[in-house]
Amino acid sequence: MPEINIKNDAQRVFNILQSGGIAIIPANVGYGIVATDPAALDRIFTAKKREPHKRHAMIGSYALKEIHRLSPRKEMVRLLTVDLDLPLGVVAPFHEDHPIIQKLGKDMLEKSSVDGTLSMLVNGGQLQDELSRLATEAGVPLMGSSANLTGQGTKTLVEDIEPEILAAANIVIDYGRQKYHHPRPSSTMFDFKHMKLLRFGACYEVIQDVFQRFYGISLPDDPGRKELFSGHLPSES
C-alpha cells in the first residue's frame with residue numbers, strides 16, 4: 001500500500017534546500033515552490049516570470065510569531081491560526097534584526113517585504129509545518145510562493161503545474177489534490193498592520209465570520225473567481 005512519510009519527505013526536501021536547491025511541496029491551500037537560499041529564491045522569481053511588485057512569503061507557523069510585531073493583535077492571530085486552526089497569510093510588521101530575517105540579505109528582504117510588512121503562511125499543512133520546524137532549528141528562512149506562472153492561479157494538483165515551474169524544481173513532493181481546492185485555493189491574506197483584507201482565499205467565509213463574530217469587524221463578501229480570479233483586492237495606491 002502507498003504511504004506518506006511526512007518527516008522523511010520534509011527531511012529530503014530540507015536537505016535539497018540547504019544545498020541551494022528548490023522544491024515544490026504540497027500545502028492544504030495548493031502547491032508551493034520554496035527555497036532557503038537567496039540565489040535559489042531569485043531563480044524562483046525568474047521561473048515564475050514574477051512581476052516586480054510580487055513578493056515571496058515566509059512558510060511558517062504560529063511558533064514563529066516572534067518574527068512579526070503583532071501586539072496588540074497577537075491574540076487575534078492566535079484565535080484564527082491556533083484555536084481555530086485556519087490557514088492564513090499573516091501580513092504584519094516584522095523585526096528586521098531577527099536572526100532568521102538577517103539570513104535573507106538586503107536584496108531578498110526587499111523582494112519579500114512591502115511597506116514594512118512580511119507575509120507568512122500559517123497552517124499550510126503537516127509537511128510545511130515539519131519543514132518550517134527544520135528550517136527554524138537550522139536558523140534559516142523558508143520562503144516561497146505558489147507553484148505557478150505569475151497570474152495563472154494556484155495549482156492544487158501537480159499535473160496542473162506549468163512545465164517551466166516543474167523544471168525549476170530539484171524535487172517535487174506529490175500528495176495529490178489538496179483539500180482547500182474549492183471554492184478558492186491559495187491562502188486568505190490579511191494585513192494586521194492596516195487591518196484590511198488583501199486576498200480572498202481558502203476558508204474565507206469562515207475567516208470572515210470569525211472577524212465579525214468575535215471582533216465586530218466586517219469583511220467584504222468574496223465576489224467569486226469568475227469576477228476576481230486572483231482573489232487580490234485592488235490596491236489603494
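Atom set for the values below is all heavy atoms of this structure, side chains included, hydrogens, waters and symmetry mates excluded. Note that the structure is a prediction, hence the values are computed from the model and not measured.
- Remark: Glu159 CD is packed, more than 12 non-hydrogen atoms of other residues, nucleotides or ligands lying under 6.0 Å away.
- Between the side chain of Asp160 and the main chain of Lys155, no donor-acceptor pair closer than 3.5 Å is present.
- Interatomic distance, CD1 of Ile4 versus OH of Tyr175, reported as 5.5 Å (0.5 Å rounding).
- By the 4.5 Å heavy-atom criterion applied to side chains, Met76 and Phe211 are counted as neighbours.
- The main-chain N or O of Phe192 is found under 3.5 Å from a side-chain atom of Arg73 such that the two form a donor-acceptor pair.
- Under the 3.5 Å distance criterion, the side-chain polar atoms of His98 are matched with a main-chain donor or acceptor of Ile100.
- Ser132 has its side chain out of reach of Phe14: every pair of non-hydrogen atoms, C-beta onward, lies at least 4.5 Å apart.
- The cluster map of Ile, Leu, Val, Met, Phe, Trp and Tyr, joined by side-chain heavy atoms under 4.5 Å apart, puts Ile217 and Leu198 in different clusters.
- Panel note: side chain His68, backbone Lys74; no donor-acceptor pair is recorded below 3.5 Å.
- The main-chain N or O of Ser113 is never found under 3.5 Å from a side-chain atom of Thr117 such that the two would form a donor-acceptor pair.
- Phe229 belongs to no hydrophobic cluster with other residues, because no ILVMFWY side-chain heavy atom falls under 4.5 Å from its own, directly or through intermediates.
- Leu157 contributes atom CG, which lies 8.0 Å from atom CG of Asp174 (distance to the nearest 0.5 angstrom).
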Could you give me the CA-CA distance, side-chain angles and deciding distance for Arg199 and Thr188, then say whether side chain to side chain donor-acceptor pair (under 3.5 Å) is met? CA-CA 5 Å; Arg199 183 173 70 194; Thr188 295; over 6 Å; no

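- Here Asn28 contributes atom CG and Gln178 contributes atom CD; the two are 7.0 Å apart, rounded to the nearest 0.5 Å.
- A donor-acceptor contact shorter than 3.5 Å is absent between the side chain of Gln212 and the backbone of Leu219.
- Heavy atoms of other residues, nucleotides or ligands lying less than 6.0 angstrom from NZ of Lys193 number more than 12.
- Remark: Glu164 does not engage Lys48 in a salt bridge, criterion side-chain N to carboxylate O under 4.0 Å.
- Paired with Gln128 under the rule side-chain contact (heavy atoms from CB on, under 4.5 Å), one option of Val34, Val29, Leu121 passes, and it is Leu121.
- Judged by distance alone, the side chain of His56 and the main-chain N or O of Leu41 form a donor-acceptor pair under 3.5 Å.
- In this structure, the side chain of Ser230 engages the main chain of His232 through a donor-acceptor pair within 3.5 Å.
- Taking the ring axis of Phe190 as reference, the NZ or CZ atom of Lys196 does not stay both within 45° of it and closer than 6.0 Å to the ring centre.
- Residue Phe94 is not grouped with residue Val114 when hydrophobic side chains (ILVMFWY) are merged at heavy-atom distances under 4.5 angstrom, including chains of intermediate members.
- Using a 4.0 Å cut-off between charged side-chain N and carboxylate O, Asp129 and Arg133 make no salt bridge.
- Heavy atoms only, all atoms of each residue included: Asn123 and Leu86 are closest at ND2-O, 2.9 Å.
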Run the side chain to side chain donor-acceptor pair (under 3.5 Å) check on Gln208 and Asp221 step by step: do they pass? CA-CA 8 Å; Gln208 180 188 39; Asp221 291 335; 2.9 Å; yes

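- Formation of a donor-acceptor pair under 3.5 Å by the Lys226 side chain with backbone atoms of Pro223 is not found in this model.
- By the 4.5 Å heavy-atom criterion applied to side chains, Asn148 and Ile161 are not counted as neighbours.
- Criterion: ILVMFWY side-chain heavy atoms under 4.5 Å apart, direct or through other members. Under it, Leu197 and Leu118 are part of a common hydrophobic cluster.
- Under the 4.5 Å side-chain heavy-atom criterion for ILVMFWY residues, a single connected hydrophobic cluster contains both Phe45 and Met143.
- Criterion: ILVMFWY side-chain heavy atoms under 4.5 Å apart, direct or through other members. Under it, Val91 and Leu79 are not part of a common hydrophobic cluster.
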